[in-house]
Number of protein chains: 2
Amino acid sequence: MNLPPLVQAFVLHFGEMGSRWGINRTVGQIYALLYVSPEPLCADQIVEALGISRSNVSMSLRELQGWDLVVLKHLPDDRRDFFTTPDDVWQILRTLAEERKKREIDPTLSVLREILMQQPGNENERFAQQRMAEMHGLIERLTNWYDDVKRLETDRLATLLSLGSKVTKLLETKDKIVSIGRKKPRSGET
Amino acid sequence: MNLPPLVQAFVLHFGEMGSRWGINRTVGQIYALLYVSPEPLCADQIVEALGISRSNVSMSLRELQGWDLVVLKHLPDDRRDFFTTPDDVWQILRTLAEERKKREIDPTLSVLREILMQQPGNENERFAQQRMAEMHGLIERLTNWYDDVKRLETDRLATLLSLGSKVTKLLETKDKIVSIGRKKPRSGET
DNA sequence: TAGGAGTTTCAGAAATTTTTGAAACTTCAG
DNA sequence: CTGAAGTTTCAAAAATTTCTGAAACTCCTA
C-alpha cells in the first residue's frame with residue numbers, strides 16, 4: 001500500500017470497520033480511497049494504491065456499484081472506467097440508508113408479515129405471534145417515519161435534525177396556540 | 001431443531017439475517033428463540049430447541065449479554081441461569097441503537113477527529129482532509145440528533161415518529177405565527 | 001477479421017469465522 | 001473435604017468468506 005499517511009489511516013480504518021458494517025475489507029478500503037481522491041480513479045490505480053489483486057478490485061467495484069455508492073466516469077478517448085463517490089455527503093447518507101433498509105429490514109418485515117398470517121397451533125404459538133406482532137408494529141412505525149422523512153430536501157432534513165427532541169415541545173406550543181385560537185376549550189380534552 | 005413451525009420460521013430467519021446484522025447465526029437464532037418464548041429458558045433448553053452444542057450456546061449467550069439484549073432470571077432453589085429478552089420492544093430498540101452506535105459509529109468518529117488534527121503534507125492530503133471533515137460534520141449532526149432524541153420518553157418518541165416530515169411544516173406555521181406576533185405586537189404573547 | 005488492450009469470471013487457495021468436544025473450573029450439598 | 005451438577009474455556013475441526021491467478025470474454029483499431 002502506497003499512500004499519503006493521512007489517507008492511509010483513513011483507508012485502513014474503513015477496511016477494519018468493513019466487517020462491522022457488513023461489507024468486506026477490500027470494499028471498505030476501495031470506498032474510502034475513492035471518497036478522498038480528488039480525481040476519479042480507474043481499477044489499476046486502485047490496484048496500485050492498495051496493493052491488492054486486479055480481480056479483487058473488479059469484484060469489489062461491482063459490489064460498490066450494486067450499493068450505488070460509486071459513480072462511473074469516462075474520460076474522452078479513454079475507454080477505461082473511472083470511479084468516484086458522489087460529492088454530496090447527504091446523498092451518500094440517503095443511499096446508504098436506502099440500501100441498508102432494503103437488505104437488513106425489508107426481508108424481516110416480509111417474513112414477519114407472512115408468519116403473522118398463519119393460524120397459531122397452540123398457546124405457545126399464539127404467544128410467539130403476539131411478540132412478533134409487537135416487533136412488526138415497531139419496525140413499521142420506524143420505516144414509515146423513514147419513508148416520510150427521506151423525501152425532505154436536504155436543508156429541511158438538516159433543520160429537522162437540529163431540532164431533535166425540541167419538536168415535541170414545539171408541538172405543545174402549537175397545541176396551545178391553536179387551542180387559544182379555538183377560544184378556551186375545557187382542559188382535559190383530546 | 002424441534003420447534004413449532006411458526007416459531008421455527010422466525011428463528012431460522014433471524015439466523016440467516018444474523019450475518020447481515022453483524023451477529024452470527026447462532027446468536028441470531030438464540031435471540032429469536034428467547035424473544036418469542038413465554039418463559040425464560042436455560043442453556044440446556046436452548047441446546048434442546050436449536051440442536052446446537054452446549055458450548056456454542058454458552059458463548060452466544062455471553063455475546064448477547066455483552067449487547068445487553070438478554071436478561072438474566074433466577075428461579076428459587078435452582079442455580080441455573082435463565083434468560084429472556086426485555087419485554088418492551090422500545091427498550092430493545094434503544095439498546096440496539098446504543099450498541100450499534102458504540103460499535104459502528106464511535107470508532108470512526110474518533111479516527112476522523114484524530115486525522116483531522118494532523119497537518120496535511122500536500123494538496124492531495126488537504127483535499128482528503130476536507131472530505132473527511134464533511135463526513136465528520138454529518139456524522140456529528142446525526143449523533144447529536146440521536147443523543148437528543150434518545151432521552152425522550154417512549155410516548156413522545158412515538159409522537160415524534162408519527163409526525164415525521166410534518167415537523168418542518170409545523171415549524172413554518174410557528175414561524176409565521178411568531179412573525180405575525182412580532183409585526184402586530186398587539187396581542188403581546190411569547 | 002486479426003491482434004491487442006482492457007475487463008470480467010470463476011475455481012481453487014488462503015484467511016477468517018463459527019462450531020464443537022473435551023477438559024478445566026465453580027459451586028454447593030452431603 | 002468429596003463428588004456431582006452445572007458452566008466456561010479453549011484448541012482444533014468445520015464452514016464460510018475473501019482473495020487470487022489464469023482463462024475467457026469484449027470491444028476497438030488497423
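In what follows, chains are A, B, ... by sequence order, proteins preceding strands, each numbered from 1.
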Subject >> Test log, rule salt bridge (Lys or Arg N to Asp or Glu O under 4.0 Å), inputs R113(B) and E140(B) >> reply: CA-CA 11 Å; R113(B) 275 200 256 270; E140(B) 205 160 53; 2.9 Å; yes
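As judged by a 4.0 angstrom heavy-atom cut-off over every strand, T26(A) is placed among residues touching the sugar-phosphate backbone only. Counting non-hydrogen atoms under 4.0 angstrom, R25(B) reaches the backbone sugars and phosphates but no base. Residue-level contact check: N24(A) touches the backbone only, with heavy atoms under 4.0 Å from sugar-phosphate atoms and none from bases. Residue-level contact check: R62(B) touches the backbone only, with heavy atoms under 4.0 Å from sugar-phosphate atoms and none from bases.
Atom-to-atom distance recorded for Q129(B):CD and H136(B):NE2 is 12.0 Å, nearest 0.5 angstrom.
Per the geometry, CG belonging to L61(B) stands 16 Å off P belonging to dT18(C), to the nearest Å. Atom pair I52(B):CD1 and dT20(C):C1' shows a separation of 11 Å (rounding to whole Å applied). To the nearest angstrom, C1' of dT7(C) lies 10 Å from CZ of F83(A). Distance D78(B) CG to dT27(C) P: 16 Å, rounded to the nearest Å. Here dT18(C) presents its C1' atom at 18 Å from CZ of R54(B), a figure rounded to the nearest Å.
A single hydrophobic cluster is seen to contain both V27(A) and L96(A), as judged by linkage of ILVMFWY side chains at heavy-atom distances under 4.5 Å, directly or through other members. Neither M59(B) nor L34(B) shares a network with the other; the hydrophobic side chains, linked directly or stepwise wherever heavy atoms of I, L, V, M, F, W or Y lie under 4.5 Å apart, form separate groups for each.
In this structure, the ring of F14(B) has its center less than 6.0 angstrom from the ring center of W21(B).
Along DNA chain D, the stretch of nucleotides lying under 4.0 Å from any heavy atom of chain B spans, 5' to 3', dA5(D) to dT16(D).
Residue whose closest nucleotide on DNA chain D sits further toward the 5' end, between R79(A) and G51(A): G51(A). When the nearest nucleotides of DNA chain C are assigned to M59(A) and S19(A) by heavy-atom distance, the more 5′-ward of the two goes with M59(A).
Taking a cutoff of 4.0 Å between a charged side-chain nitrogen and a carboxylate oxygen, R25(B) and E16(B) do not qualify as a salt bridge.
Relative to the ring axis of W67(B), R100(B) does not place its NZ or CZ within 45° and under 6.0 Å from the centre.
Between the side chain of S53(B) and the base of dG21(C) there is no donor-acceptor pair of N/O atoms closer than 3.5 Å.
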